[in-house]
There are 2 protein chains.
Amino acid sequence: MKESLRRFKAEVFQALAHPTRIAIVEALRDGELPAGKLIEKLGLEQANASQHLAILRAKRIVVNRKAGNQVFYTLRDPVLIEVLDVLRRYFYSHLTDTLSLLEEIGDESGAIAIKAEVPAK
Amino acid sequence: MKESLRRFKAEVFQALAHPTRIAIVEALRDGELPAGKLIEKLGLEQANASQHLAILRAKRIVVNRKAGNQVFYTLRDPVLIEVLDVLRRYFYSHLTDTLSLLEEIGDESGAIAIKAEVPAK
DNA sequence: TCATTATATTCGAAAACTCGAATATACGTA
DNA sequence: TACGTATATTCGAGTTTTCGAATATAATGA
């Protein structure tokens, strides 16, 4: 049914609708990482990271594997990286509008600096 | 800055993280539609539709044009349709896991029926 | 001007999300 | 067994979303 599919898509979007979770997905881009490395790499609170990972697990965005002491996370399907890449292009192709959007949202960081470095990565 | 980009992506995902808004985007797939047609086509409450449209507007997912009495909506960038299509494929390629996910979420509709009709559209 | 139609906005309540603090669990090792 | 490390879960407060009901606005036509 059409409805299920929409619900499913909404669930996936919902799962990705947080900067931290996006950061996690991006960090897993090049392969498996233990929770600890993610926390370190992204500078997260341990509990907070675990909560976000729980969400990504629940929505099947990531899968995990226990190895002794630690838990390794992997993206279940790299297609999600493609989605993020599409959005990056989307971001830059509408750069002007996007910047004003970020302003409205209240973007503290130097979003304007992007203008200087331009795309790349 | 990396952070802005993630924030931006999160905003877009957030905007799409609702079945009704996904339905709206899909309905605009083949071009412009006035709000009224969207309401009719999707069977929405007028106020509710307007609220969701406001969100899609705020996040620049759609743009609108006034013509006399009515307001026509268009997708700002059809690349978003691609994203939805990618997710449809994702949905089917993990069908088994996905179904159990939908169950957990509490999917009333006949999700299982999908097994019968399979992909297509 | 007064209706009528199309759409948007505001309001208040219920539900869902997010965070850090505290606590729990599981494994490895002394 | 007792301890340390890695990770997960629970709790409560604050914030954000979502909805329908009511109301507002804008354009059209009588």
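Note on naming: letters A, B, ... go to the chains in the order of the sequence lines (proteins, then strands), and numbering restarts at 1 for each one.
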Student: Base, sugar-phosphate, or nothing for A/Q14, non-hydrogen atoms under 4.0 angstrom?
Tutor: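 Result for A/Q14 = sugar-phosphate.
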
Student: Specify the closest pair of heavy atoms between B/V62 and B/L75, including all atoms of both residues, with the distance to one decimal.
Tutor: CG1-CD2, 4.2 Å

Student: Residues two or more places apart in sequence or in another chain: which of them pass side-chain hydrogen bond (donor to acceptor under 3.5 Å, both in side chains) with A/E32?
Tutor: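 Expected list: A/R65.
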
Student: Counting N and O atoms only, with roles assigned by atom type, does the side chain of A/R21 sit under 3.5 Å from a partner on the main chain of A/Q14, one being a donor and the other an acceptor?
Tutor: yes

Student: Tell me, do A/V12 and A/K59 make a side-chain contact under 4.5 Å, heavy atoms counted?
Tutor: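 A/V12 vs A/K59: side chains apart.
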
Student: Rounded to whole angstroms, how far apart are CD on B/Q51 and P on D/dC19?
Tutor: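 It is 8 Å, rounded to the nearest whole Å.
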
Student: For A/I22 versus A/L16, what's the shortest heavy-atom pair and its separation?
Tutor: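 Nearest pair, atom of A/I22 first, then A/L16: CG1-O, 3.2 Å.
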
Student: What is the ring orientation for A/F8 with B/F91, classed by angle as parallel under 30°, tilted 30 to 60°, or perpendicular over 60°?
Tutor: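 Judged by the thresholds at 30° and 60°, the geometry between A/F8 and B/F91 is perpendicular.
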
Student: Test B/R60 against A/Y90 for side chain to side chain donor-acceptor pair (under 3.5 Å), laying out the working first.
Tutor: CA-CA 11 Å; B/R60 318 286 167 99; A/Y90 177 71; over 6 Å; no

Student: Taking any atom under 4.0 angstrom from a heavy atom of chain A, which nucleotides of DNA chain C are the first and last to qualify, 5' to 3'?
Tutor: C/dC17 to C/dG28

Student: Heavy-atom contacts under 4.0 Å between residues 66-76 of chain A and DNA chain C, which residues?
Tutor: A/G68, A/N69

Student: Whole angstroms only, please: what is the CG-P distance between B/L16 and D/dT18?
Tutor: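 Spelled out: CG on B/L16 to P on D/dT18 is 12 Å.
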
Student: Specify the separation, in whole Å, of atom CD1 of A/I39 and atom P of D/dT7.
Tutor: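 Taking atom P of D/dT7 as the reference, CD1 of A/I39 is at 6 Å.
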
Student: May I have the distance from B/I55 (atom CD1) to D/dC19 (atom C1'), rounded to whole angstrom?
Tutor: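 Spelled out: CD1 on B/I55 to C1' on D/dC19 is 11 Å.
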
Student: Between B/R6 and B/E3, does the salt bridge (charged side-chain N to carboxylate O under 4.0 Å, His left out) criterion hold? Intermediate values first, please.
Tutor: CA-CA 5 Å; B/R6 278 198 292 266; B/E3 175 60 23; 3.6 Å; yes

Student: Between A/E45 and B/A47, which is nearer to the 5' end of DNA chain C once each is assigned its nearest nucleotide?
Tutor: B/A47

Student: Using a cut-off of strictly less than 4.0 Å, decide whether B/H52 has a side-chain nitrogen or oxygen near OP1 or OP2 of D/dT17.
Tutor: no

